[in-house]
Amino acid sequence: MVRSPRAVSPLLAVLTLGLCPPSGAGQIASLPPADEAAHDSSLLRFRAGLLGALQQRDTALIVSIVAPNVANGFGGDVGLKDFRYFWFGGGKRNRKIEQLVEALQLGGALVDDSTYAVPYYAYGRRFPSGLDAHGHALVLGEGVRVRQSPGSQRPVVAILAYAVVSLPKGWTGHPDQDGSSDVVWLQVGLGDGKVGYVAQRYLRSPLGLRVTFGKRSGHWVLTSWAEGD
């Protein structure tokens with residue numbers, strides 16, 4: 001799960017207020033988390049049980065709640081065989097379980113009385129009309145710093161909260177210039193015309209993992225998933 005940057009003490013916040021741009025400066029749009037699961041108590045129970053199974057990597061329980069005719073993304077055949085292949089193949093490189101945990105925790109939208117879709121930013125609150133889904137991303141978190149150049153110690157040009165930004169160079173990553181080997185930076189464009197760099201771990205594409213659940217005979221099941229377009 002993506003964590004927001006750590007909170008600072010009130011005194012430090014006052015001292016640094018004049019040094020950092022105000023939160024939200026320059027963002028194209030804001031898409032804060034939103035969830036509609038509370039409209040159906042059975043959905044809340046289902047989601048809690050599924051989250052527990054996912055966090056324990058209980059593959060048998062996960063497969064048990066998948067619809068027999070599950071739609072498997074783009075290029076996959078309908079059914080459980082391809083679901084197992086796409087979700088549990090690839091060893092450590094396969095992060096679909098972790099991605100779904102994050103999506104469920106962020107929340108989703110009730111498309112209708114019997115369809116629930118996650119994550120919220122791909123379904124419940126789609127990107128603003130007219131923005132290319134390939135060329136934009138969501139900054140997932142509050143107080144996320146945009147740096148002048150790709151380095152964890154570089155000057156801050158903006159602070160964002162669940163902001164939509166453009167990706168002038170796509171998803172091309174840049175290594176950290178200050179020696180943090182585990183941080184990759186992406187260039188982003190802001191609403192005020194400025195550009196900067198955000199750590200890749202905070203960026204999510206509306207074309208990333210998208211999952212729907214359907215209520216059938218009173219029970220919720222996973223009915224489709226997609227990644228890409």
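The first residue in the sequence is number 1, and the count goes up from there. Note that this is a predicted model, so its numbers are computed, not measured.
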Mind checking the [atom1]-[atom2] spacing from [X] to [Y]? Nearest 0.5 Å is all I need.
X	Y	atom1	atom2	result
Ser114	Leu43	OG	CG	11.0 Å
Gln200	Leu186	CD	CG	5.0 Å
Arg57	Ile62	CZ	CD1	7.5 Å
Leu190	Ser166	CG	OG	7.5 Å
His39	Tyr116	NE2	OH	10.0 Å
Arg84	Asp82	CZ	CG	12.0 Å

Please find the pair of heavy atoms, one from [X] and one from [Y], that lie closest to each other, and give the distance.
X	Y	result
Ala199	Val183	CB-CG1, 4.1 Å
Ala117	Val111	CB-CG2, 4.0 Å
His134	Trp171	O-NE1, 4.3 Å
Val101	Leu51	O-CD2, 3.9 Å
Gly173	Val184	CA-CG1, 3.7 Å
Val70	Leu222	CG2-CD2, 3.8 Å

Any [X] side-chain heavy atom under 4.5 Å of [Y] side chain:
X	Y	value
Val211	Thr223	no
Arg47	Asp35	yes
Val118	Leu100	yes
Val156	Val146	no
Val63	Phe88	yes
Leu203	Leu140	no
Leu106	Leu104	no
Trp220	Leu50	no

- Enclosure of Lys194 NZ (heavy-atom neighbours >12, cutoff 6.0 Å):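 Check fails, neighbour count at 12 or below.
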Treating [X] as the side-chain partner and [Y] as the backbone partner, does any N or O pair qualify as donor plus acceptor under 3.5 Å?
X	Y	value
Tyr121	Pro206	no
Arg145	Gly143	yes
Gln148	Pro155	no
Asp176	Ser181	no
Ser205	Leu207	yes
Asn69	Gly79	no
Asp178	Ser152	yes
Arg210	Gly208	yes
Tyr120	Ala103	no
Arg147	Trp185	no

N-O pairing of [X] and [Y] below 4.0 Å:
X	Y	value
Arg95	Glu102	no
Lys215	Asp113	no
Asp182	Arg201	no

- Task: Given side-chain contact (heavy atoms from CB on, under 4.5 Å), test Val198 with Val165 step by step and report yes or no.
- Result: CA-CA 10 Å; Val198 169; Val165 294; 6.0 Å; no
Transitively linked via ILVMFWY side-chain contacts under 4.5 Å: [X] with [Y]?
X	Y	answer
Val221	Phe83	no
Phe86	Leu54	yes
Leu80	Ile65	yes

- Task: Show your reasoning for whether side-chain hydrogen bond (donor to acceptor under 3.5 Å, both in side chains) applies to Tyr197 and Arg154.
- Result: CA-CA 10 Å; Tyr197 292 82; Arg154 303 305 161 110; over 6 Å; no
Could you check whether [Y] and [X], counting side-chain N and O atoms only, form a donor-acceptor pair closer than 3.5 Å?
X	Y	value
Thr212	Thr115	no
Trp87	Asn94	no
Tyr85	Asp77	no

